[in-house]
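Since this is a predicted model, take the numbers as computed values, not measurements.
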Amino acid sequence: MKPYYITTAIDYTNAAPHIGHAYEKVLADVMARFQRLSGREVYFLTGVDQHGQKVQKSAEKAGVTPQEFVDGITQHFTSAWETLGIKFDGWAATTDNRHKRVVQAMLQKLHDNGQLYKKAHKGHYSVRQEQFLTDKERSSDGNFGPEWGEVIELEEENWYFRLSDHVEWLKGYIRSHPDFIYPPHRANDVLNALEGKATDLCISRPVERLNWGIPLPFDPRFVNYVWFDALTNYISFGGYLADECGNEGLPKFDAIWPADAQVIGKDILVPPHAIYWMTMLHALGFTDEQMPRLIVHGWWNISGAKISKSLGNVIDPKVLAQTFTADGLRFYLVRDIATGYDSDFSEERILMAYNKELGGGLGNLLNRTLKMANNYRQGKISPGSFDDEACQNVRQVVADAEAAYPVRMNGWEIHLGIEEAMKIVTACNAFIDLTQPFKLAKDEAQAARLDAVLYHLAEALTHVSVLLSPVMPRACAEIQKQLGWLQPEAFRLGDLRWGLLADGHQLGQGTPVFPRVEIAA
RNA sequence: GCUCCUGUAGCUCAAUGGUUAGAGCAGGGCACUCAUAAUGCCUUGGUUGUCGGUUCGAGUCCGGCCGGGAGCACCA
């Protein structure tokens, strides 16, 4: 099976990352880790979009070169991803020379094939914003508002991509490939946007207006503008045209393409990814079988401005990670939203998810299990010979969860996959209250039963630690450390079976993995 | 304006046209003491936005109205 190639949108290096950036990367990272755990080879690409006018202007304002400026902002991203445990294989920075070479080679190819042409455009131009204005920019009275400053008539030559040549193909492709976009209802938006007259895509800016970009190889008076630069990262850093461009240190393109998942936000589906990106690939000669799959996620809405009072700036992922640990934040970000839909970020909810589900549920289960095992058996456990309905039920819950979990995860229903794993936690806590091992310990005649109960708890927890490891890699490693069980490097989901802990297994000491967070109201 | 989605418990959401519309959280009560004031059990709570239609039967299908949201290609 080909490696699982997963990408995220590359973030614009104009400002530091916020919770939305973090969510997308966590979502992709969870899927990448899940696929690795499933035994699939994975290539996970993420990165930053460093060119463009906003960067050029911000750098001028800051009195530094554009490269110095983007290097600074880029560090905010890389350090945030390190904090959050985002484990990517490839880093796509659009100022990377390997990327520039591919963009130029690609543009040259399209130029040679007659897919690009030059024409003059006359329209309303905002001097202050340095951009042409469309009717959408007009205010309700039909004029351009004061925010645009002086608006003049301007004629300018630019290069265009024959996007309209590929629209009919795209419509047919979307209709015949229901899996192209997840969730599928988004495809309607694309088809709706494709109704009406198709127009071509402007892909350049004169160097006088924009110089912070990649020059067109066949016309150096122009710089490439946005899409053929930013979107191309998915293939340039995947090894596309690597031989021809002399690029090294990249994957074998034929081996990893097409992307199994291009994780993007709903704001950049139409038109960039669903229309520009797809027609670009088609123009380059990619076949239907070589088209990527788009995973479109929703947004975290910040409802009301008052939620950050007691937490400080709540939308800064680093602050949240400090309060709830990186894994606590990762858990919340994929637990409290359904992929493709929006959710409201709420301080109350993240506090609840952390304290109740992780602290009171999973963490406390581990802690009470380890304390009892250490108090009654010096931490040494044995399955023993005792069995009853309660024990069987625990094993059944584990088996059911492990059957449902990969189905949910593969279908991008991460929150439901998590729910499956948490069912084991709930069942184990009920199992303790039912069997009352702390009472069994006082009765020597119940020794065999106590052995069975303790073993079932520790074994079930081991399984949970594997299932949740894509979501909370560090916390699950800590849980496994306390359980005295080291997950083998090559351990896969398919290796999960009852009896991971050997007879006589020595458990470690328990320390709260998710210490309770107290927040003053 | 055009296209599409949506309205179910305080909140977030489930319910191939078929028993008495379910679950989690929040709220209330009880139990327990191994554990991070943790856990378990029980429980209150709904005229399914509204009006009409189709049907033996409608949360589900159709239409109107009211409310919420999304998208509509040379904006990054």
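Between D344(A) and R349(A) there is no salt bridge, since no side-chain nitrogen of the basic residue lies less than 4.0 Å from a carboxylate oxygen of the acidic one. A salt bridge does not link K266(A) with D189(A): none of the charged nitrogens is closer than 4.0 Å to a carboxylate oxygen.
The residue A198(A) sits close to a base: some heavy atom pair falls under 4.0 Å. As judged by a 4.0 angstrom heavy-atom cut-off over every strand, A193(A) is placed among the base-contacting residues. Within 4.0 Å of V513(A), counting heavy atoms only, lies at least one base atom of the nucleic acid.
In the interface, the side chain of N192(A) is paired with the base of G71(B) through a donor and an acceptor atom under 3.5 Å apart.
On the P atoms, G1(B) is 23 Å away from C62(B), given to the nearest whole Å. Comparing the same atom, C1', in G57(B) and in G53(B) gives a spacing of 15 Å after rounding to whole Å. Nucleotides G28(B) and G18(B), compared at atom P, are 37 Å apart to the nearest Å. Nucleotides C74(B) and A70(B) place their C1' atoms 23 Å apart, quoted to the nearest Å. Here, U48(B) and U43(B) have their P atoms 23 Å apart, quoted to the whole Å. With C1' as the reference atom, A31(B) and G67(B) are 45 Å apart, rounded to whole Å.
Atom NZ of K171(A) is separated from atom P of A73(B) by 14 Å (rounded to the nearest Å).
When each of U36(B), C34(B), C25(B) is scored by its nearest atom to the side-chain atoms of M352(A), the top-ranked nucleotide is C25(B).
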